Amino acid sequence: MAIQWYPGHMTSARKKAAETMAAIDVVIEVLDARLPEASTNPVVRELRLHRQRPCLKVLNKADLADPEATRAWIDFYNRQEGVKAVAISSKNKGEVARITALCQRLAPHRNDNTKQLRMMIMGIPNVGKSTLMNALVKRKIAKVGDEPAVTKSQQMHQISVRQSITDTPGLMWPKIEYASDGLMLAASHAVGRNAIIDEEVAVFLANLLLARYPALLSARYGFPVEGIDGVAVVEGVAKRRALLMRGGAPDFEKASIVLLQDYRDGKLGRISLETPETRSEMLSTKIETTEQTAE
């Protein structure tokens with residue numbers, strides 16, 4: 001499935017972000033803790049490296065992610081130069097409160113009353129940036145919704161007399177290089193439904209769950225999952241939820257939506273779609289396939 005979702009406002013948002021980057025000290029990049037690298041926008045990396053800006057990687061929705069996988073991702077990012085990582089739920093005020101202090105450590109030259117710490121929050125759509133912004137500023141200044149592209153334009157806000165933060169629209173990139181990244185993003189609702197096929201995404205998710213979290217899958221829907229594939233999982237969900245078409249055949253589309261929504265809401269349990277290890281394996285396989293094709 002090729003996901004094509006780069007509307008016109010993304011181009012202008014990228015240009016504006018590049019301009020603002022020159023005047024800030026730290027980039028706060030919000031990621032989905034369940035798929036940190038798949039939800040990392042290469043445009044954000046390109047812009048901040050061009051300006052040599054340090055980055056705080058915020059692995060949001062950590063309460064929905066596999067804790068062991070999240071710890072591995074934190075170690076992975078903390079080994080990178082100019083990067084610090086933290087895992088939070090933006091709905092937890094205590095966890096959110098750590099963010100500005102971590103940003104301050106990344107910009108020690110902005111630590112007095114004459115030099116304000118200027119932060120910029122970036123990330124792809126629907127990773128929780130708006131909820132995080134509201135928590136940081138301690139008032140509702142950003143619209144929140146379980147839909148991509150809620151924030152439409154840049155806005156700068158004062159956190160205190162010594163700290164300011166610029167909110168930016170959720171920014172996608174023109175082409176998703178790896179098919180599995182697109183499917184993970186779609187499963188996690190980072191792209192709108194008009195850009196995806198729910199049934200295809202659900203089968204991908206079901207196969208991943210069969211490989212890594214079969215017990216959670218079986219516990220949620222109440223049927224054994226040994227020896228079946230993703231298609232059979234979705235059909236099983238349809239039968240268990242009585243999602244049937246006229247004549248009694250499983251309603252594959254409705255069952256796909258149920259499976260995807262259960263994952264998004266955390267009803268399946270704490271699940272991570274990728275780990276540093278699976279990411280490395282995917283990239284290695286991609287390189288090998290490319291080299292074989294070239295030969």
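What you see is a predicted model, and the numbers here were worked out from it, not measured in a lab.
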Does any N or O in the side chain of [X] come within less than 3.5 Å of the main-chain N or O of [Y], such that one atom is a donor and the other an acceptor?
X	Y	answer
Asn126	His189	yes
Ser188	Ala190	no
Ser39	Pro36	yes
Glu29	Val44	no
Ser218	Phe223	yes
Asp25	Leu117	no
Thr168	Ile121	yes
Gln104	Arg110	yes
Asp265	Lys267	no
Arg270	Ala65	yes

Could you tell me which residues satisfy side chain to side chain donor-acceptor pair (under 3.5 Å) with Asp251, sequence neighbours excluded, listed by chain and number?
->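 Residues passing side chain to side chain donor-acceptor pair (under 3.5 Å) with Asp251: none at all.
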
About how many Å separate CG of Leu268 and CD of Gln261, when rounded to the nearest 0.5 Å?
->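 It is 11.0 Å, given to the nearest 0.5 Å.
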
To the nearest 0.5 Å, how far apart are NE2 in His50 and CE in Met21?
->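 Spacing of NE2 (His50) from CE (Met21) equals 10.0 Å.
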
Heavy atoms, side chains only, cut-off 4.5 Å: are Leu31 and Trp73 in contact?
->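 In short, these two side chains do not touch, never coming nearer than 4.5 Å.
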
Return all side-chain donor-acceptor pairs below 3.5 angstrom for residues 78-88, not counting sequence neighbours, or 'none' if the list is empty.
unit_1 : atom_1 : unit_2 : atom_2 : d
Asn78  : OD1    : Ala85  : N      : 2.9
Asn78  : ND2    : Ile74  : O      : 3.4
Arg79  : NH1    : Asp75  : O      : 3.4

Phe76 six-ring centre to Arg279 NZ/CZ under 6.0 Å and within 45° of normal |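 Judged by the rule, Arg279 and Phe76 form no cation-pi pair.
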
How close do [X] and [Y] get, counting heavy atoms only, and between which atoms?
X	Y	result
Ala18	Leu47	CB-CD2, 3.8 Å
Val58	Ile99	CG2-CD1, 4.2 Å
Gln158	Ser164	OE1-CB, 3.5 Å

Can you get from Tyr213 to Tyr221 by hopping between Ile, Leu, Val, Met, Phe, Trp and Tyr side chains that sit under 4.5 Å apart?
->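 Yes, it is one cluster - the side chains of Tyr213 and Tyr221 are joined through contacts under 4.5 Å.
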
May I ask whether Val233 and Phe204 are part of the same hydrophobic cluster, defined by side-chain heavy atoms of I, L, V, M, F, W, Y residues being less than 4.5 angstrom apart, directly or through others?
->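 They do share one cluster, since a chain of ILVMFWY contacts under 4.5 Å joins Val233 to Phe204.
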
With Phe252 as reference, evaluate Leu243, Asp198, Val203 under the side chain to side chain contact (heavy atoms under 4.5 Å, CB included) test and give the passing residue.
->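 Result: among Leu243, Asp198, Val203, Val203 is the only option passing the side chain to side chain contact (heavy atoms under 4.5 Å, CB included) with Phe252.
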
Looking at Arg45 and Glu37, does any basic side-chain N land under 4.0 Å from a carboxylate oxygen?
->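 Salt bridge between Arg45 and Glu37, a charged N being under 4.0 Å from a carboxylate O: yes.
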
